[in-house]
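Here is the structure we will look at.
Start at 1 and go down the list; that is how both ligands and their atoms are numbered.
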Amino acid sequence: MDNNVIKAALLGLGTVGTGVYKVFQLQAPDMKNKLNADVRIKKILVRNLEKAAKKVADPSVLTNNWQEIIDDPDISIIIEVMGGLKPAGDYIRQALEKGKYVVTANKDLIAEEGDELIALAEENKTDILFEAAVAGGIPVIGPLKHSLAANYINEIVGIVNGTTNFILTKMTQEHMDFTQALKIATDLGYAEADPTADIEGLDAGRKVAILASLAFNSKVTFADVYTEGITQLTPKDIESADEFGYVIKLIGLARWTAEGVEARVHPMLIPKSHPLSTVSDSYNALFIHGDAVGDVMFYGRGAGEMPTASAIMGDVFDIARAIACGGRKTARRATFRKLPVKGIQDSVNRYFLRLSVENKPGAMATIASVLGNNSVSIQQVVQKEAHSDQAEIVVVTDLVRESHLNDALMTFRGMSVIKSAPAMIRVYGKLSEN
Ligand code: NAP
Ligand code: HSE
């Protein structure tokens, strides 16, 4: 093989695939200088040849036949940007078994089978890289594997879904309707093929599984991650968060605690003084806390054609450099310990509660006593609006185990003084600082 011309195949020519194709063109003049090699796309796998022909300069690179790619010994890097578990997973396994390198943006697959695929790559003395699978253009997988590898990481917290951050930004800053904001995010290429994955927190959940596995060196699967999306949030939630000095964000959180790993995705109130509160539109941001380094923050575009292509191409360049030097990059399994994963009931948080109560003497005292009886102590309580027969009470709790909070909420359910199900949103804060 000529180490100076490295051949790659692109699987999929949608939003990300088109971006990768463009970055290949943009980088062509400098590749030799950067890598001591040229990387060229030899084949692009598509479903519809006619549709794809409009997107490329030379339609002869297009094929709808996977066999043409997997059987070509000249192709050493497979870039998978089709998405989904099948056939992407089968193609990736076949590629690794043949000793080809794989670069993928497929978080569904990595969250589900990442451990097995990395092991397969290791067995076949090749590698599978997936920087683009988490937080779009932000380098975070590379830093966890390399620059931060000499740390015990105890927390990763951040915004890891561009679509929902875009929607929440539009709802908060422009009072835009949820459906309209989702449509714009989809048109901009941020959303998944089925945007339910974004708005129900599943996409972010997959990213949290990947991050937690790498950070804690313990396998955390998507099924281990508690997920709650943004579809239940109302303009009233956003408004009252603002009034109390918070911004609502969909937060991904992975924490290593004495009782096990917490891995979860749900809306959280972020104090306006915290940098995450100012992360807007499709931007993502992550705070990683390591024992040696302390806090590190990563920020950038979390979705979209070119930012995601940037992450993909970083991985391609990484592999190309190794090939150009006549060497190989070989995967190493990251998960070598087995930590228990805690359920959400065992997590500890502060909570923001909005209760609609009967406007009569003693209502506030009744609420305080139910919370107290369930070991929920109150940090702040405010009676907001009072109309003739109804009042709104807002409570911010101290740190409390979620199961205790839920016991209190269950008790509220049967009480006539409570007029409707209380709105509950968790409040972000580091455990030690609360
Ligand atoms: P997309 O726009 O839907 O593109 C996927 C492309 O793959 C489509 O062109 C589709 O063809 C093609 N494809 C699907 N199955 C195929 C098959 N069996 N054979 C050949 N082609 C096939 O999706 P995307 O947004 O580019 O996302 C691709 C991957 O990147 C997903 O894993 C996604 O989660 C991940 N990702 C996306 C972003 C982002 O911002 N969009 C960011 C990070 C990671 P058709 O056109 O015929 O359907
Ligand atoms: N749909 C994803 C998002 C794409 O909005 O963040 C990037 O992973």
Side-chain angles (χ1 to χ4, degrees), residues 9-22 43-56 62-70 78-92 103-112 130-138 140-141 158-169 181-182 184-208 210-211 229-230 250 252 265 279 281-286 300-312 315:
L10 187 58
L11 314 186
L13 195 58
T15 303
V16 181
T18 305
V20 171
Y21 182 81
K22 286 181 189 168
K43 286 283 167 202
I44 303 179
L45 184 72
V46 297
R47 275 199 284 228
N48 184 329
L49 292 167
E50 210 178 310
K51 186 173 99 179
K54 296 180 196 122
K55 295 187 181 179
V56 291
L62 300 172
T63 178
N64 53 14
N65 181 3
W66 161 244
Q67 225 49 48
E68 245 183 63
I69 292 173
I70 189 69
I78 302 290
I79 305 167
E80 186 278 309
V81 284
M82 303 186 308
L85 297 181
K86 273 183 178 289
D90 298 332
Y91 292 175
I92 287 176
V103 174
T104 180
N106 194 328
K107 49 257 162 139
D108 303 42
L109 187 66
I110 298 299
E112 211 70 53
F130 45 87
E131 183 62 70
V134 178
I138 307 176
V140 60
I141 302 293
I159 296 165
V160 290
N161 183 270
T163 303
T164 45
N165 203 43
F166 181 88
I167 295 171
L168 289 176
T169 303
L182 172 59
I184 299 174
T186 307
D187 292 345
L188 289 169
Y190 302 153
E192 294 302 298
D194 175 1
T196 312
D198 296 292
I199 60 178
E200 294 299 355
L202 314 180
D203 175 80
R206 293 182 177 116
K207 292 165 179 167
V208 166
I210 296 169
L211 289 171
I230 62 165
L250 184 69
V265 170
V279 175
D281 293 321
S282 71
Y283 281 91
N284 283 189
L286 284 141
R301 285 271 180 209
E305 177 185 287
M306 296 303 271
T308 311
S310 159
I312 295 264
D315 284 348

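- The residue from Leu10, Leu188, Thr15 that puts a heavy atom closest to atom 25 (O) of ligand 1 is Thr15.
- Listed by number with element, the atoms of ligand 1 under 4.0 Å from a non-hydrogen atom of Ala303 are 40 (O).
- Near Leu13, meaning under 4.0 Å from any of its heavy atoms, are these atoms of ligand 1: 9 (O).
- The distance criterion of under 3.5 Å between nitrogen or oxygen atoms is not met by Ala191 with respect to ligand 1.
- Remark: Asp194 pairs with Thr196 by the side-chain hydrogen bond (donor to acceptor under 3.5 Å, both in side chains) rule, at least two apart or across chains.
- Under the 4.0 Å distance rule, the nearest protein heavy atom to atom 11 (O) of ligand 1 falls inside the cut-off.
- Each of the atoms 18 (N) of ligand 1 lies under 4.0 Å from some heavy atom of Pro87.
- Per-atom contact check: atom 7 (O) of ligand 1 touches the protein, criterion being a heavy-atom distance below 4.0 Å.
- Ligand-side atoms of ligand 1 in range of Lys51: 45 (P), 46 (O), 47 (O), range being under 4.0 angstrom from any heavy atom.
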Could you give the N/O to N/O pairs under 3.5 Å linking ligand 2 and the protein, each with its distance?
| from | atom 1 | to | atom 2 | distance (Å) |
| --- | --- | --- | --- | --- |
| ligand 2 | 1 (N) | Tyr190 | O | 2.7 |
| ligand 2 | 1 (N) | Glu192 | OE2 | 2.7 |
| ligand 2 | 1 (N) | Asp198 | OD1 | 2.7 |
| ligand 2 | 5 (O) | Gly162 | N | 3.3 |
| ligand 2 | 5 (O) | Thr163 | N | 2.8 |
| ligand 2 | 5 (O) | Thr163 | OG1 | 2.6 |
| ligand 2 | 5 (O) | Tyr190 | O | 3.1 |
| ligand 2 | 5 (O) | Asp198 | OD1 | 3.4 |
| ligand 2 | 6 (O) | Asn161 | ND2 | 3.4 |
| ligand 2 | 6 (O) | Gly162 | N | 2.7 |
| ligand 2 | 6 (O) | Lys207 | NZ | 3.1 |
| ligand 2 | 8 (O) | Lys107 | NZ | 2.4 |
| ligand 2 | 8 (O) | Lys207 | NZ | 2.7 |

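- Asn106 counts as a contact of ligand 1, since one of its heavy atoms falls under 4.0 Å from the ligand.
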Give the table of side-chain donor-acceptor pairs shorter than 3.5 Å for residues 305-312, with sequence neighbours excluded, one pair per line with atom names and distance.
| from | atom 1 | to | atom 2 | distance (Å) |
| --- | --- | --- | --- | --- |
| Glu305 | OE2 | Lys22 | NZ | 2.6 |
| Thr308 | OG1 | Gly304 | O | 2.6 |

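- Residues passing the side-chain hydrogen bond (donor to acceptor under 3.5 Å, both in side chains) test with Asn106 are Glu80, sequence neighbours excluded.
- Each of the following atoms of ligand 1 lies closer than 4.0 Å to a heavy atom of Ala132: 43 (C), 44 (C).
- Regarding atom 32 (O) of ligand 1, its nearest protein heavy-atom neighbour is Gly83 CA, 3.2 Å.
- Close to ligand 1: Gly304, with a non-hydrogen atom less than 4.0 angstrom away.
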